[in-house]
Amino acid sequence: MRAYAIETAAVADAEVRKLMRDPTELMSRAVQPVLWLAIFGQVFSQVRGIPTGSLRYLDFMAPGILAQSILFSAIFYGISVIWERDLGIVHKILVTPAHRSALVLGKAIAAGLRGLVQAVVVYGVAVATDVDIQWTPAGVLTVVLAVVLGSCIFSTFSLVIACIVKTRERFMGIGQVLTMPLFFASNAIYPLDLMPGWLRTIALANPLTYLVDVLRGAMIVGGASVHAWTTSFAVLLGVFLALLALAAHLYPGLAR
Amino acid sequence: MSASAELFAIATSGLSKRFDQLKALDALDLGVARGIIFGLLGPNGAGKSTAIKILTTLLDASAGSAQVAGFDVANEPVEVRRRIGYVPQLLSADGALTATENLNLSARLYGLRGAERVARVRDALTFAGLDEVADKLVRTYSGGMIRRLEIAQATLHGPEVLFLDEPTSGLDPVARHTVWDRLLELRRSRGMTILITTHDMEEADVLCDELAILHRGRLAAIGSPAALKAQVGPDADLEDVFAHFSGAVMDQGGRFRDIRESRGTLQRLG
């Protein structure tokens, strides 16, 4: 168990060091939430076309934009793994006796930490656009846990795709195809109640829906979660563990 | 440990690998004695990289068996991994990390802890001649420095067997000689068994105690460089040996992926 933890921490440590040295991606990823909250959100708040109960639309969508920011950032994480494969880094790591799942988990945790940086950016934009943030310790802690878990899920999903497609060109195509359906088939920018039945069914199978649901209850004053947090966290954890097992199984295939 | 495992660091029996219709490796029987530098030669697509990937547990064989350091690669892969080091053909040190960070990552993944890890990393930096630049990003290093770092990374846990896939590909003559020096030092001071694949006949001649020539996945010849040359003719050099047993000359053909990887390595070397 100790060896597993050390292996996981070693991979996460290396990933975080690389991230800290090259913050350009984080900066560029920050542009999108700014556009959504500062432009789309402001305009749609005036329209009042989407019923969001007692919440202002901007307050309603802010957790959705945080989840989107995490999704869009994490879903392309796999491209770095393909890059590492092309450089031979994956081969070198896979001939060590380290547990395969520890190697994957270390990368997921690093993505989780990256997600927290995204969260700080979104919080900053939210404050600047007068979103009514809930600053209670329980609320902030819940957001932190949800952001880390959400990032782990989508980065590991990305790694699974990378292990299957193995080339950057194919990965970019699939990444583009997956992000928008995942985003729009969720409760990120409109409530589930507005969706037709078939779309609601898909949304309820989409882990992003549960992530947004937790964030909405924890992040916004007056925000309410449809599902109990324990239910949402159980779903998110279950999805992550399943993806972790799948990624650990597929990861060695990158060296073949 | 069986008698053959005591004698041989690497032993394969009927080792085969098939990719769809392509037989990449065809019933390879090989025994590599402990403590020698063993060269695997062959034209592109002869099965060298496939053999090395199976022996390093990166690829499953389609048939046959292989033991490395006394353990079966298919049934005891973790035990094999504890006892081997591997330097891929591609420049695999992480350019976004420093040499110290690269070494620390490998050390932790090989289970080295605390003071032992610190000491091994320090020794590895000295072995690679990188003490002065240990905290600079690897992307600022020359190709020779990166290769020395990779050899240090692959050996800092004290493996019994070291695998190197075309270790001097793309290096200038000075860097090539420094890599050779490191490999000879590893054999001399640690008694390490080293298996290299190479296209460089001079390298094979200078470094290797024994050579095997692969041709279309099969073992075409095996022996010391001197014995192989004697088999071909009184004035034969290794180029002649290679052409005689593989029916090919160097730089002939090669799969798209092999060429892309080689060029990728050269590109990284600038």
Side-chain angles (χ1 to χ4, degrees), chain A residues 1-25 80-107 109-110 114 163 166-169 248-256, chain B residues 17 19 49-50 52-60 68 76-98 100-102 104-114 117 137-139 146 150 153-154 157 159 162-163 165 257 260-261 264-265 268:
Chain A
M1 192 65 193
R2 185 159 175 258
Y4 191 94
I6 290 171
E7 290 159 10
T8 304
V11 174
D13 174 58
E15 295 289 322
V16 170
R17 283 172 191 272
K18 286 191 271 186
L19 182 67
M20 285 165 59
R21 288 192 181 120
D22 187 13
T24 47
E25 194 201 334
S80 66
V81 178
I82 293 176
W83 182 245
E84 288 180 355
R85 171 185 186 260
D86 291 347
L87 293 180
I89 294 171
V90 167
H91 301 68
K92 192 177 60 184
I93 283 179
L94 282 170
V95 297
T96 69
H99 298 82
R100 275 47 190 143
S101 60
L103 301 175
V104 175
L105 182 60
K107 287 185 176 293
I109 288 172
R114 179 159 73 169
C163 291
K166 293 184 182 172
T167 70
R168 274 167 279 178
E169 296 79 9
H249 176 69
L250 294 174
Y251 189 51
L254 274 179
R256 285 176 197 136
Chain B
K17 180 65 185 179
F19 296 103
S49 292
T50 301
I52 232 174
K53 280 186 175 176
I54 294 172
L55 295 172
T56 53
T57 77
L58 290 174
L59 192 64
D60 296 328
V68 174
E76 302 160 294
V78 176
E79 294 304 323
V80 171
R81 288 178 199 135
R82 288 186 210 286
R83 289 162 178 82
I84 64 170
Y86 175 47
V87 180
Q89 181 190 351
L90 299 159
L91 291 179
S92 59
D94 199 322
L97 298 174
T98 66
T100 306
E101 288 166 349
N102 268 287
N104 270 320
L105 173 61
S106 289
R108 287 179 175 128
L109 296 182
Y110 276 109
L112 297 172
R113 308 270 179 269
R117 174 172 59 81
L137 290 182
V138 168
R139 70 163 71 105
I146 295 174
E150 288 171 334
Q153 251 186 302
H157 59 295
L162 175 64
F163 294 91
D165 200 356
R257 188 173 164 192
R260 190 185 65 176
E261 289 182 351
T265 304
R268 284 195 77 202

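A, B, ... follow the sequence lines: proteins, then strands. Residue 1 opens every chain.
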How close do [X] and [Y] get, counting heavy atoms only, and between which atoms?
X      : Y      : answer
A:R256 : B:L58  : CG-O, 3.4 Å
A:V11  : B:L109 : CG2-CD2, 4.2 Å
B:P88  : A:G88  : CG-O, 3.8 Å
B:L97  : A:R21  : CA-NH1, 3.8 Å
B:Y86  : A:H91  : CE2-CB, 4.0 Å

Those residues at least two apart in sequence (or on a different chain) that pass ring pair (Phe, Tyr, Trp, His ring centres under 6.0 Å) with B:Y110 are B:H157

Without swapping roles, check the side chain of B:K53 against the backbone of A:A255 for a donor-acceptor pair under 3.5 Å.
yes

Applying a heavy-atom distance below 4.5 Å, give me the residues of residues 93-100 of chain A that approach chain B, sorted by number.
A:I93, A:L94, A:V95, A:T96, A:P97, A:A98, A:R100

Go through the atoms of [X] and report whether side chain, backbone, both or neither lie under 4.5 Å from a heavy atom of chain A.
X      : result
B:R83  : neither
B:N102 : side chain
B:E79  : neither

Do B:L105 and A:K92 touch side chain to side chain, with heavy atoms closer than 4.5 Å?
no

Tell me every residue that passes side-chain hydrogen bond (donor to acceptor under 3.5 Å, both in side chains) with A:K18, counting only those two or more places apart in sequence or in another chain.
A:E84, B:D94

If you count heavy-atom pairs under 4.5 Å between each of B:R108, B:E101, B:Q153 and chain A, which one has the most?
B:E101

Which residues share a side chain to side chain contact (heavy atoms under 4.5 Å, CB included) with A:A5, sequence neighbours left out
none

